[in-house]
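Residue indices begin at 1 and follow the sequence shown. On a predicted model such as this, the values are computed, not experimentally measured, just so you know.
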Amino acid sequence: MNNFIFQNPTKLIFGKGMIKEIASQIPAGKKIMITFGGGSVKKNGVYEQVIEALAGREYTEFWGIESNPSIETLRKAIAQGREFGADFLLAVGGGSVIDGTKLVSAGLKYDGDAWDLVKKGSYTDTVPLGTVLTLPATGSEMNSGAVISRHETKEKYAFYSNYPVFSVLDPTVTFTLPDHQIACGIADTFVHVMEQYMTKPEQSALMDRWAESILRTLIEIAPKIKENHEDYDLMADFMMCATMGLNGFIAMGVEQDWCTHMIGHELTALHGLTHGETLSIVFPGTLRALRQEKALKIMQYGERIWGLSSGLPETRVEKAIEKTEEFFRSLGLRTRLSEAGIGEDTIMEIEKRFNERGVAYGENHDVTGAVARRILEAAK
């Protein structure tokens, strides 16, 4: 296990009816800007609960942070927050709303265009932020990361600021989510875990088992959720899988990959694909293209997650990859570029972007533009 320093300051407030607790978590006298997405919170009762909890407080509302939040929209939020004098932010929505609000929290304190911060990669002089999570997937409610898009140039980058001060997780608010959003959230959570797990073998028995417990839980509950996503306990487990999958706990002391996410971000930037589905397309390709480098860990995964304990190593690796792709398909997601109408032009563009940026992702820092091409070729 590698050396590490770990701290996660976010307070989780979990359970039915807990949205009311935001009143006690935001200090008195704060001028609050509440950020929202497209309006689904007015249909599922979340908006009403938030406004009731903030009765008597001074706040303004910003609406319209879209999936894959754009700098174009977030500039407007920053302008509104500055005009209002916001000194506390409350993000009410899924990962995109929370991600976007993280950039707003930095942009309010920055004398310049917030896109500069995105290109810089991080900024920690921020306005404090709390969240009310409505869609489990990204883990943004308990980490410091965000992903921000720029529509005019079809770019999408990771950005890091500060952790939310608190996050409210009420599983009942997920009951009205569309099936496709739930499927993408499960895929996103699954691949978050795999980006931290599917690297080098024998780094930490504890981190491996912790990651495997999340993977096994997702596989167990996914078909049950597909049948009934108004089961409180199922959605509670899903919500906690998503949070625990990317709050730093399973990353302690181990190498990480993230090449699948970086390639997936490019597919979203270029084609507007939902983030979770880019992962269900790219990740099996990552395993195929890097099967030799990851063979030992793929076999461990195949045995512990899918029960593949016999046969030649090559056969076990192939079956584990097949099982992974089958799992994504069982969620109703696409797993091939061709199914999304994506071909050679996009592969060339992503390879070009990786090369121009001089990036090298993966646990071995060897996923360059050429390797990204191999992965995408394997995902055709």
Side-chain angles (χ1 to χ4, degrees), residues 6-27 32 34-37 40-41 43-54 88-99 101-102 128-146 162-177 181-182 184-186 188-190 192-193 196 210-211 213-222 224-225 228-252:
F6 175 77
Q7 181 179 10
N8 191 317
T10 303
K11 179 189 290 188
L12 282 187
I13 302 169
F14 187 92
K16 183 177 181 179
M18 295 297 275
I19 292 175
K20 65 180 183 296
E21 294 297 322
I22 62 177
S24 62
Q25 300 301 316
I26 302 175
I32 307 161
I34 316 170
T35 55
F36 299 99
S40 62
V41 292
K43 300 174 183 177
N44 61 15
V46 172
Y47 176 78
E48 182 180 353
Q49 293 180 67
V50 168
I51 298 307
E52 183 177 342
L54 295 178
F88 197 98
L89 299 176
L90 181 65
V92 181
S96 291
V97 174
I98 298 172
D99 277 14
T101 308
K102 286 177 181 174
L129 160 70
T131 88
V132 176
L133 181 68
T134 61
L135 172 60
T138 69
S140 191
E141 67 277 4
M142 201 178 179
N143 65 45
S144 62
N162 286 314
Y163 289 76
V165 177
F166 68 84
S167 288
V168 180
L169 282 63
D170 180 347
T172 65
V173 309
T174 67
F175 290 175
T176 58
L177 288 172
Q181 282 191 326
I182 292 173
C184 287
I186 292 172
D188 197 3
T189 301
F190 193 93
H192 281 160
V193 175
Q196 298 161 90
W210 202 343
S213 73
I214 299 174
L215 297 174
R216 287 179 64 88
T217 300
L218 289 169
I219 292 166
E220 177 184 331
I221 66 177
K224 299 175 184 177
I225 288 174
N228 176 20
H229 54 73
E230 294 188 15
D231 183 304
Y232 181 88
D233 291 329
L234 287 175
M235 299 310 284
D237 278 336
F238 171 31
M239 203 167 227
M240 285 307 299
C241 282
T243 299
M244 298 301 289
L246 198 58
N247 59 4
F249 281 33
I250 63 171
M252 289 187 283

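- The shortest distance between side-chain heavy atoms of Ser167 and Thr10 falls below 4.5 Å.
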- Show your reasoning for whether side chain to side chain contact (heavy atoms under 4.5 Å, CB included) applies to Val132 and Val173. CA-CA 10 Å; Val132 176; Val173 309; over 6 Å; no
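- Between atom CD1 of residue Ile250 and atom CG of residue Leu215 there is a gap of 7.5 Å, rounded to the nearest 0.5 Å.
- Atom CD1 of Ile221 sits about 8.0 Å away from atom CE of Met235, to the nearest 0.5 Å.
- The only member of Val50, Leu129, Thr131 that meets side-chain contact (heavy atoms from CB on, under 4.5 Å) when paired with Leu90 is Val50.
- Distance check, rounded to the nearest 0.5 Å: CD1 of Ile13 to CD of Glu21 gives 6.0 Å.
- Distance CD/Glu52 to NZ/Lys20: 10.5 Å, rounded to 0.5 Å.
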- Using the side chain to side chain contact (heavy atoms under 4.5 Å, CB included) rule, take Thr134 and Val97 through it: C-alpha gap first, then chi angles, then the decisive distance, then the call. CA-CA 10 Å; Thr134 61; Val97 174; over 6 Å; no
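- Ring geometry for Phe88 versus Phe166: interplanar angle under 30°, hence parallel rather than tilted (30 to 60°).
- At least one side-chain heavy atom of Thr174 sits under 4.5 Å from a side-chain heavy atom of Pro136.
- Closest non-hydrogen pair, Thr35 versus Ala91, comes out as OG1-CA, 3.2 Å.
- Closest approach of Val165 to Pro128, counting heavy atoms only: CG2-CB, 4.0 Å.
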Please output the side-chain donor-acceptor pairs of residues 236-244 that fall under 3.5 Å, not counting sequence neighbours, one pair per line with the distance.
residue	atom	partner	partner atom	Å
Thr243	OG1	Glu141	OE2	2.5
Thr243	OG1	Met239	O	3.2

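- Side-chain atoms of Gln196 come within 3.5 Å of backbone N or O of Gly245 as a donor-acceptor pair.
- Lys16 meets the salt bridge (charged side-chain N to carboxylate O under 4.0 Å, His left out) test with no other residue; sequence neighbours excluded.
- Here the CG atom belonging to Asp188 is positioned 9.0 Å from the CG atom belonging to Leu135, to the nearest 0.5 angstrom.
- A side-chain donor-acceptor contact under 3.5 Å links Asn8 to the backbone of Met142.
- Contact between Ile22 and Ala53 at its shortest, heavy atoms only, is CG1-CB, 3.6 Å.
- Atoms CG and CG, from Asn44 and Leu177 in turn, are 7.5 Å apart once rounded to the nearest 0.5 Å.
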- Please report the C-alpha distance between Ile26 and Ile32 in whole Å, then the side-chain angles of each, then the deciding distance to 0.1 Å, and finally whether the side chain to side chain contact (heavy atoms under 4.5 Å, CB included) criterion is met. CA-CA 9 Å; Ile26 302 175; Ile32 307 161; 3.9 Å; yes
- Message: What verdict does the side chain to side chain contact (heavy atoms under 4.5 Å, CB included) test give for Met18 and Asp170, after you've listed the backbone C-alpha separation in whole Å, the side-chain angles of each residue and the deciding distance to 0.1 Å?
- Response: CA-CA 6 Å; Met18 295 297 275; Asp170 180 347; 5.5 Å; no
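- Taking both residues in full, the closest heavy atoms of Gly185 and Ala137 are given as CA-CB, 3.6 Å, listed atom of the first, atom of the second, then distance.
- You'll find the side chain of Ile34 reaches within 4.5 Å of the side chain of Leu54, heavy atoms only.
- For Glu220, the salt bridge (charged side-chain N to carboxylate O under 4.0 Å, His left out) test picks out Lys224, with sequence neighbours left out.
- Remark: side-chain polar atoms of Ser144 are not paired, donor with acceptor, to backbone N or O of Tyr163 under 3.5 angstrom.
- The two residues Leu169 and Pro171 have their closest heavy-atom pair at O-CD, 3.6 Å.
- The closest side-chain donor-acceptor pair between Lys102 and Ser140 falls under 3.5 angstrom.
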